[in-house]
Amino acid sequence: MADGEKSVQDLEKPEPLSHQRREWLVERIGWAVAGLLLAAGLLGYLGRGPLTWTRIASEDQSLALEYYWTEHYQADSELRMFVDESAGSEDAVRIAVARSFLDETTVQGIWPPPVSTEAEEDRLIFTFKLGKKPAERKIVYHYKHETYGPLSGEIAVVGHPPAAISQFVFP
Amino acid sequence: MESITRGLVVYLFLLLVFRLAGKRSLSETSSFDLVLLLIISETIQQAMVDSDNSLTNAGLLVLTLVSTDVFLSVVKQRSPLLDQWLEGVPVVVLKDGQLVKEHADSERVDEADILEAAREQRGLERLDQIKFAVLERGGKITVVGK
């Protein structure tokens with residue numbers, strides 16, 4: 001047999017097998033990493049999940065926000081706002097959303113729809129006609145993230161302290 | 001979480017559908033089977049991804065599908081019973097040149113299929129030259145000559 005030519009006996013030499021053992025080890029480590037990533041994904045640390053649904057409220061409890069603090073880039077997202085009965089005037093509630101939040105997102109829909117929208121330098125003010133019962137004072141805001149990384153912004157009932165929203169958007 | 005559950009449901013659903021379709025379905029891809037596979041993958045892709053086109057979602061879905069496959073292969077290796085249910089068992093469809101009619105009919109295999117495998121694998125011309133023809137778990141027919 002010419003030098004350098006492979007034979008079947010070469011398969012029994014220890015070198016390729018030791019390489020294979022290293023490959024199996026790397027494979028098993030990869031499985032463990034995949035398991036950890038899936039567990040993180042199931043819990044919500046790589047997107048929406050039970051441990052990342054959060055509720056925050058403004059200092060005087062006039063506005064409470066519910067949302068996932070981990071989201072995906074360009075995926076449908078939802079923010080629920082709960083306005084306290086004491087907040088706003090008798091016939092209208094004015095909600096101010098910071099531009100820092102609006103600039104990084106696209107609004108897909110708001111329910112109930114606002115009766116008017118006013119633009120100010122650093123915020124947008126939506127005016128809603130809400131009922132007096134708690135269930136009628138809920139606003140659902142659908143949007144998509146247009147950037148990834150950390151995102152923060154403030155939302156407030158006009159004339160009350162704001163509630164600060166803070167999210168991490170995965171690419 | 002939604003990405004992972006969607007991936008898992010799709011994997012298990014496809015596993016169930018293809019097991020119910022039998023071993024012969026899509027085992028040898030004809031032109032029409034190829035078109036069918038493309039339609040299935042396109043339909044499933046939309047249901048899996050939904051409106052989330054992010055890289056993270058794609059990564060989680062791929063990880064879910066591959067990990068489920070690896071997990072089931074480990075489970076099948078340790079549980080022969082589960083292995084039988086998930087992969088099936090080889091079925092003898094021809095013995096000593098005679099068609100085992102019950103098996104062949106149940107698996108939708110006919111003499112022409114067996115002869116095709118015999119010509120391809122062993123260069124055999126007639127059924128009486130075959131000792132065994134077996135429909136393997138993957139849907140391929142293998143032939144043992146006399």
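Lettering of chains follows the sequences in order, A, B, ..., and the numbering in each one begins at 1.
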| request: Sort by residue number and list every member of residues 55-74 of chain B having a non-hydrogen atom under 4.5 Å from chain A. | output: B:L55, B:T56, B:N57, B:L60, B:L63, B:T64, B:S67, B:V70, B:V74
| Residues in residues 44-54 of chain B near chain A [non-hydrogen atoms, under 4.5 Å] | B:S51, B:D52, B:S54
| Same cluster (ILVMFWY, side-chain, under 4.5 Å), A:F128 and A:I125 | no
| A:L63 and A:V158: same hydrophobic cluster, using ILVMFWY side-chain contacts below 4.5 Å? | no
| field | Top of A:G41, A:P171, A:A75 for chain B proximity - count of heavy-atom pairs under 4.5 angstrom | value | A:P171
| task | With rounding to the nearest 0.5 Å, note down the distance linking OG in B:S3 to CZ in A:R48. | result | 9.5 Å
| A:R28 CZ: over 12 foreign heavy atoms closer than 6.0 Å | yes
| What do you reckon, is CD of A:E27 surrounded by more than 12 foreign heavy atoms closer than 6.0 Å? | yes
| Residue A:F82 excluded, over 12 heavy atoms near CZ under 6.0 Å | yes
| Where along residues 101-111 of chain A does a heavy atom come under 4.5 Å of chain B, listed by residue number? | none
| In terms of hydrophobic clustering (I, L, V, M, F, W, Y; side-chain heavy atoms under 4.5 Å; direct or indirect links), are A:I155 and A:Y68 co-clustered? | no
| request: Determine whether more than 12 heavy atoms belonging to other residues, nucleotides or ligands lie under 6.0 Å from atom CH2 of A:W53. | output: yes
| message | Once rounded to the nearest 0.5 Å, what's the spacing between atom OH of A:Y45 and atom CE of B:M1? | response | 13.5 Å
| If two hydrophobic side chains count as joined below 4.5 Å and joins carry through other members, does B:F18 share a cluster with B:L82? | yes
| said: As an exercise: rank A:L46, A:T52, A:V169, A:L43 by heavy-atom pairs under 4.5 Å with chain B and give me the winner. | reply: A:L46
| request: Write out, in numerical order, the residues from residues 87-107 of chain B with a heavy atom short of 4.5 Å from a heavy atom in chain A. | output: none
| In one Ile/Leu/Val/Met/Phe/Trp/Tyr side-chain cluster, 4.5 Å: A:L51, A:I56 | yes
